[in-house]
Amino acid sequence: MIQGFKEFISRGNVVELAVGVIIGAAFGEVVSAVVDKFINPLIGAIFGHPNFDTVMQFQINGATIQPGTVITALVQFLIVSGAIYFFIVVPVNKLAALRKAEETEPEAPSDEVRLLTEIRDALATTR
């Protein structure tokens with residue numbers, strides 16, 4: 001069991017996953033700063049509050065119900081997913097397309113090689 005664990009840890013995928021988690025956490029901080037310091041103040045300037053938490057708020061027996069928190073969470077989700085898409089997914093896809101375009105297909109054989117191949121095949125069938 002210990003040997004299997006060592007093999008698992010020594011695989012490149014584990015290291016790549018750890019790097020991805022660390023970069024994701026750092027990127028999450030950037031997105032949070034954009035949301036908290038830029039988007040939410042814009043929402044506050046337009047709607048009067050920096051989020052939608054108090055939208056449709058009501059009370060039942062002294063308990064405050066805030067359906068607007070769902071709207072706030074959805075807006076933040078859309079902002080985060082948009083940032084990830086436009087700043088990570090699109091550039092990675094473009095990079096992959098560039099790499100694929102750089103991969104050249106094997107060149108067609110020259111006329112001499114084709115002629116020699118035909119001669120070889122003809123000699124093979126006459127024997």
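Sequential numbering from 1 along the given sequence is applied to the chain's residues. Just so it is clear, the structure is predicted and the values come from calculations on it, not from any experiment.
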Drop me the distance from [X]'s [atom1] to [Y]'s [atom2], to the nearest 0.5 angstrom.
| X | Y | atom1 | atom2 | result |
| --- | --- | --- | --- | --- |
| Leu98 | Lys94 | CG | NZ | 8.5 Å |
| Asn93 | Ile88 | CG | CD1 | 11.5 Å |
| Ile79 | Ser32 | CD1 | OG | 10.5 Å |
| Tyr85 | Leu78 | OH | CG | 14.5 Å |
| Gln57 | Thr64 | CD | OG1 | 5.5 Å |
| Lys37 | Leu42 | NZ | CG | 13.5 Å |

Query raised in the report: Residues in side chain to side chain contact (heavy atoms under 4.5 Å, CB included) with Thr69, at least two apart?
Result: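 Side chain to side chain contact (heavy atoms under 4.5 Å, CB included) check on Thr69 returns Asp53, Gln66.
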
Quick one: do [X] and [Y] end up in the same hydrophobic cluster if we chain Ile, Leu, Val, Met, Phe, Trp and Tyr together by side-chain heavy atoms under 4.5 Å apart?
| X | Y | value |
| --- | --- | --- |
| Phe87 | Phe38 | yes |
| Val70 | Phe77 | no |
| Val55 | Ile46 | yes |

Query raised in the report: Is there a side-chain contact (heavy atoms from CB on, under 4.5 Å) between Asn51 and Gln76 once you walk through the steps?
Result: CA-CA 10 Å; Asn51 56 40; Gln76 287 183 347; 6.0 Å; no

Report task. May I have the step-by-step check of side-chain contact (heavy atoms from CB on, under 4.5 Å) for Ile71 and Met56, ending in yes or no? Result -> CA-CA 10 Å; Ile71 297 170; Met56 299 184 296; 4.1 Å; yes

Query - Contacts of type salt bridge (Lys or Arg N to Asp or Glu O under 4.0 Å), residue Asp111, not counting sequence neighbours - result: Arg114

Requested in this report: Report yes if the side chains of Pro67 and Phe58 come closer than 4.5 Å at any heavy-atom pair, otherwise no.
Outcome: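 They are in side-chain contact.
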
Requested in this report: Mind listing the closest non-hydrogen atom pair of Phe52 and Val75 along with its distance?
Outcome: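 So the minimum-distance heavy-atom pair works out to CE1-CG2, 3.7 Å.
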
